[in-house]
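These numbers come from the heavy atoms of this one structure, side chains and all, not from hydrogens, waters or symmetry mates. Throughout, protein chains are lettered first and strands after them, A, B, ... in sequence-line order, and every chain is numbered starting at 1.
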Amino acid sequence: AQSVAQPEDQVNVAEGNPLTVKCTYSVSGNPYLFWYVQYPNRGLQFLLKYITGDNLVKGSYGFEAEFNKSQTSFHLKKPSALVSDSALYFCAVRDNDYKLSFGAGTTVTVRA
Amino acid sequence: EAQVTQNPRYLITVTGKKLTVTCSQNMNHEYMSWYRQDPGLGLRQIYYSMNVEVTDKGDVPEGYKVSRKEKRNFPLILESPSPNQTSLYFCASSLGPSSSPQHFGDGTRLSIL
């Protein structure tokens with residue numbers, strides 16, 4: 001069975017500082033990894049995905065994520081956070097099954 | 001505009017009264033899915049559908065039904081709602097089940113009294 005862990009419920013950073021949101025996963029086959037963001041009263045929006053290839057994946061709004069197979073991690077990063085990045089972030093994984101498993105989510109707060 | 005539309009957005013109802021949450025997508029996507037979001041638990045998949053007339057259980061299917069008679073529609077049915085089904089529900093669609101990102105509706109907040 002596949003699973004996703006987001007070890008931090010909350011991440012607080014100052015605007016302009018680097019932002020990292022952590023994600024580790026467990027799958028039986030090759031992982032398909034995703035990051036989504038959720039703003040208040042809205043559905044989830046796709047940020048980026050890793051399927052195969054380069055371990056550093058670039059996505060929307062200046063976000064990127066690094067796939068690390070040995071550590072089974074897929075951390076989300078942004079070099080310089082903005083106040084508008086404050087939101088709820090979800091990591092998700094799918095393996096050879098068709099089910100998609102989400103982490104519990106990490107609330108990011110960027111203070112001005 | 002490409003979108004996934006859910007209705008209603010909010011519903012307060014009572015235990016045992018059957019309800020249906022509709023979901024429609026205009027992107028000709030084959031794969032559709034329903035999730036519930038609960039604090040501290042993230043999103044959990046209820047049911048998914050690979051194509052018309054093909055549905056399968058997710059991680060938390062108990063108490064729910066779905067149907068996929070048309071490609072664009074994927075309604076979620078609660079035959080006899082109970083208070084533990086009070087939650088925020090999301091419908092999503094994608095081109096395929098594997099590598100395609102999912103497009104989400106804006107959610108339906110259900111309160112079962």
Side-chain angles (χ1 to χ4, degrees), chain A residues 1-10 21-25 27 29-53 57-61 63 65 67 87-107, chain B residues 1-10 21 23-25 27 29-51 54-61 68 87-109:
Chain A
Q2 61 205 39
S3 65
V4 179
Q6 293 181 239
E8 300 161 317
D9 292 335
Q10 292 196 337
V21 186
K22 296 179 180 177
C23 171
T24 59
Y25 66 90
V27 297
N30 292 321
Y32 298 118
L33 294 155
F34 304 83
W35 275 102
Y36 289 86
V37 60
Q38 184 181 29
Y39 298 101
N41 300 315
R42 299 301 303 275
L44 280 69
Q45 297 178 30
F46 169 73
L47 279 179
L48 50 79
K49 67 179 180 182
Y50 172 83
I51 305 301
T52 186
V57 179
K58 294 191 182 297
S60 307
Y61 312 121
F63 284 94
F67 172 67
L88 182 57
Y89 291 80
F90 289 99
C91 181
V93 66
R94 175 185 277 135
D95 61 11
N96 295 330
D97 196 349
Y98 296 125
K99 297 179 183 177
L100 185 64
S101 296
F102 284 83
T106 298
T107 300
Chain B
E1 179 188 353
Q3 58 185 5
V4 177
T5 304
Q6 297 178 225
N7 280 297
R9 291 291 312 279
Y10 304 91
V21 184
C23 174
S24 180
Q25 51 94 2
M27 295 166 280
H29 285 168
E30 291 189 347
Y31 184 88
M32 296 187 75
S33 185
W34 275 103
Y35 300 88
R36 60 178 288 174
Q37 182 179 8
D38 301 289
L41 297 177
L43 274 76
R44 293 178 292 169
Q45 193 170 40
I46 302 171
Y47 270 95
Y48 61 94
S49 169
M50 300 285 288
N51 212 327
V54 181
T55 63
D56 210 343
K57 297 177 180 178
D59 293 321
V60 287
R68 188 90 181 274
S87 187
L88 179 58
Y89 292 85
F90 288 99
C91 180
S93 73
S94 62
L95 274 173
S98 298
S99 62
S100 303
Q102 296 199 29
H103 297 256
F104 283 81
D106 284 337
T108 295
R109 186 167 292 281

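The most heavy-atom pairs under 4.5 Å with chain B, out of A:Ser101, A:Ala92, A:Gly103, come from A:Gly103. Annotation: maximal heavy-atom pairing with chain A below 4.5 Å, among B:His103, B:Arg44, B:Gln37, occurs at B:Gln37.
Heavy atoms closer than 4.5 Å to chain A are found in the side chain of B:Arg9, but not in its backbone. Residue A:Leu48 does not touch chain B at all, counting heavy-atom pairs closer than 4.5 Å. Contacts of B:Leu41 with chain A are made by backbone atoms alone, with heavy-atom separations under 4.5 Å and no side-chain atom involved. Residue contact with chain B, scored on non-hydrogen atoms closer than 4.5 Å, involves the side chain of A:Gln38 exclusively.
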I'd like to know whether B:Gln6 forms a side-chain hydrogen bond (donor to acceptor under 3.5 Å, both in side chains) with B:Thr108, so could you lay out the CA-CA distance, the side-chain angles of the two residues, the decisive distance to 0.1 Å, and finally the verdict. CA-CA 7 Å; B:Gln6 297 178 225; B:Thr108 295; 3.1 Å; yes
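Using a distance-only test at 3.5 Å, with no hydrogens or angles considered, no donor-acceptor pair links the side chain of B:Gln102 to the main chain of B:Ser94.
Relative orientation of the A:Phe102 and B:Tyr35 rings is perpendicular, given thresholds of 30° and 60° on the angle between their planes.
A:Tyr50 and A:Tyr25 have their aromatic ring centers separated by at least 6.0 angstrom.
A:Arg94 forms a cation-pi arrangement with B:Tyr31, by the criterion of a distance under 6.0 Å to the ring centre and an angle within 45° of the ring axis.
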